[in-house]
Each structure stands twice: as C-alpha cells, then as structure tokens.
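Below you'll find the structure, written out as structure tokens, and then a few comments.
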Amino acid sequence: MDSSTSKGQFAGLVELAEVDSTNKELLRRLDSDTPEFFAVTADKQTAGLGRLGRNWVTEAGKSLAVSVLLRPTSRSQIDWITIMAGLALSSALEKHGLIVSLKWPNDLLVDGKKLSGILAEMVDLNTVVLGIGINIKPQEHSPDTATSLQELGLKMEKDELLEVIATELKSYWSRLTADSETAIAQLQAELLTRCGTLGTKVRAELPGGKNIYGVAVAIDETGRLIVETPEPVALAAADVWHLRN
Ligand code: BT5
C-alpha cells in the first residue's frame, strides 16, 4: 500500500513494502504543510541509514523502520529529540516486560547487543525527521552485535509495536513541547536509571576520529555527554564504547 492513511497516533501514515530509506522517503514527501506526526514506514529498506552515512539493515518482515515528522519550536527541543525518543522507546518496551539500556546518544541495547537505533535529521529549526529502527526478528545481514525482540522473548507484530511506540513517543514529545524546561529535567532524571553510559568508563570517538577515554558522569541540559578525562569534556556528537569498569 502506498497511500497515506490516518492510522492510530499518526497524522498520516505511508506504508511501503520497500524503500531505500524511510527518512529519505519522508524528506521527499515533505512540504511546508506536512503535519507533525506524519510518518513513513517500510517493510524493507534497501539503503537504511545509520549515522555518518553508515548502513542500517532492515530485511522484509523482520524489522520496524519508521520515520516520523516532528515540528520543534525551540532549539532545546531539537537538542533532546534523539534522547527523548530513546527514553520513549525504552519506556514503551518496559511496559511489555523488556528492560533495555540506552547507550548515549542513540542506541537501545540489551546485554550489550543493539536492538534499536535512532537517526534524527534536522531539515530546519522547525522540521526534524525522526527515524527509528527496531529489530523484531533475527536478520541474515545484521551484525553479530545485533539482537531482536524475538531473541529476547518478546513476541510482537510490527503493527502492534508501531502503535505502542507511537503512543509513548507522542506522550514524551507533548511534554517536551508543552514545557521544555520541566520535561528536560524529567528526562535527565530518567536517564539516571535508563542510560547505561552514565557512570561507565568509555572510549568516545569524536567526529574527526580523535579518541578520548574517561568516565561518563552526566548528560547536561543540552543533551551533551560529560566525560571526565579527568578534565570534564562535553560531547555533542561521538561514537561511544562502554569499557569494563
Ligand atoms: C543508528 O546509526 O543506529 C541509526 C539507525 C536508524 C535506522 C532508522 S530505520 C528508519 C529510519 N530510516 C533510515 O534510513 N534510518 C532510520 P548508528 O549509530 O550509526 O549505527 C549503525 C551501525 O549499527 C552499523 O554500522 C552497524 O554496525 C549496526 N547495525 C546496522 N544494522 C543493524 C541492525 N538492524 N541491528 C543492530 N545493529 C545494526
């Protein structure tokens, strides 16, 4: 099916059998009138996107790939979109009995294996495409470091999963847009229990390739990871590896 329907939580949902990337497809369909919570999902992505041009594997019938349009109204909302989405997904999955750990800034892990990845792409200050991938079943071409809901004992079909995460996402996003300062304080508090990066020794690879080592001690009010090296360094973007303490 290729037409947009007003399904569940969405202001319009385009459901595709196959696409290169749902983020790219949403961008192609975007115009100035496209409403918040307009979304694109696909059963299979042929060129699913990770961060920094990396690949995200989405094989037919095995994974949820969805991109949702958000219309932020302030810089602080933009700063928190990725982390907010990770916490919303964690909360949604916990309601179904699965405890996941957030690895700053955009991974959901269980026992160190990656269940879900998030890619938020900013078009302009009022337009962000939030892409979410969640593995439902094992996939032939995903890395050894991947896991899936099925392997973790959670049986959920794609439609149900989509509805469950959309409901939670909407609730978190409403709070962030209604009163950003209060919501950010709540997100920071929630990170203390849901973010496995905090209190952990990490290696952080910065966008230029430089590595820093230290203990991740906090996430500041703009969503940056604070690593003590022992001097505190604030990271806005990096790839983080948790090291043994
Ligand atoms: C991410 O990037 O984790 C962001 C993934 C976002 C995917 C969604 S799906 C819907 C929307 N449309 C898109 O085109 N993208 C978004 P990053 O942190 O850079 O992680 C990428 C790395 O994760 C890869 O280099 C692999 O090592 C690993 N990987 C790839 N596919 C995976 C999978 N299905 N499960 C677990 N790990 C995977």
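Note that the coordinates shown come from a computational prediction; the quantities given were computed from them, not determined experimentally. Ligands are counted one by one from 1 in listed order, and the atoms in each one are counted from 1 as well.
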Starting at [atom1] of [X], measure out to [atom2] of [Y] and round the result to the nearest 0.5 Å.
X: Asp31; Y: Arg29; atom1: CG; atom2: CZ; result: 11.5 Å
X: Asn135; Y: Leu64; atom1: CG; atom2: CG; result: 10.0 Å
X: Arg51; Y: Leu119; atom1: CZ; atom2: CG; result: 8.5 Å
X: Ser32; Y: Asn126; atom1: OG; atom2: CG; result: 11.5 Å

same_hphob_cluster(Leu198, Leu235) at 4.5 Å side-chain heavy-atom cutoff: yes
Can you name the closest pair of heavy atoms from [X] and [Y] and give their distance?
X: Ile118; Y: Leu89; result: CD1-CD1, 4.1 Å
X: Phe10; Y: Ala166; result: CZ-CB, 3.5 Å
X: Phe37; Y: Gln9; result: CD2-O, 4.0 Å

Between Ser101 and Arg194: side-chain donor-acceptor atoms closer than 3.5 Å: no
Heteroatom proximity flag, [X] to ligand 1, N/O under 3.5 Å:
X: Gly50; result: no
X: Leu49; result: yes
X: Ser142; result: no
X: Thr58; result: no

Distance under 4.0 Å to a non-hydrogen atom of [X]: what atoms of ligand 1 satisfy this?
X: Thr22; result: 10 (C), 11 (C), 12 (N)
X: Gly48; result: 14 (O)
X: Asn135; result: 33 (C), 34 (N), 35 (N), 36 (C)
X: Ser67; result: 11 (C), 12 (N)
X: Gln139; result: 34 (N)
X: Ser21; result: 12 (N), 13 (C), 14 (O)
X: Val66; result: 10 (C)
X: Ala146; result: 35 (N), 36 (C)

Between [X] and ligand 1, which part of the residue brings a heavy atom under 4.0 Å of the ligand: side chain, backbone, both or neither?
X: Lys24; answer: neither
X: Arg51; answer: both
X: Leu115; answer: neither
X: Asp107; answer: side chain
X: Ser63; answer: neither

From CA spacing to verdict: side-chain contact (heavy atoms from CB on, under 4.5 Å), Leu154, Leu93: CA-CA 9 Å; Leu154 184 57; Leu93 292 170; 4.3 Å; yes
Winner among Val40, Leu130, Leu119, Asn106 once heavy atoms are compared against atom 1 (C) of ligand 1: Asn106
Option set Ile118, Thr147, Leu26, criterion heavy-atom distance to atom 4 (C) of ligand 1, minimum: Ile118
Salt-bridge contact Lys113-Glu151 (side-chain N to carboxylate O under 4.0 Å): no
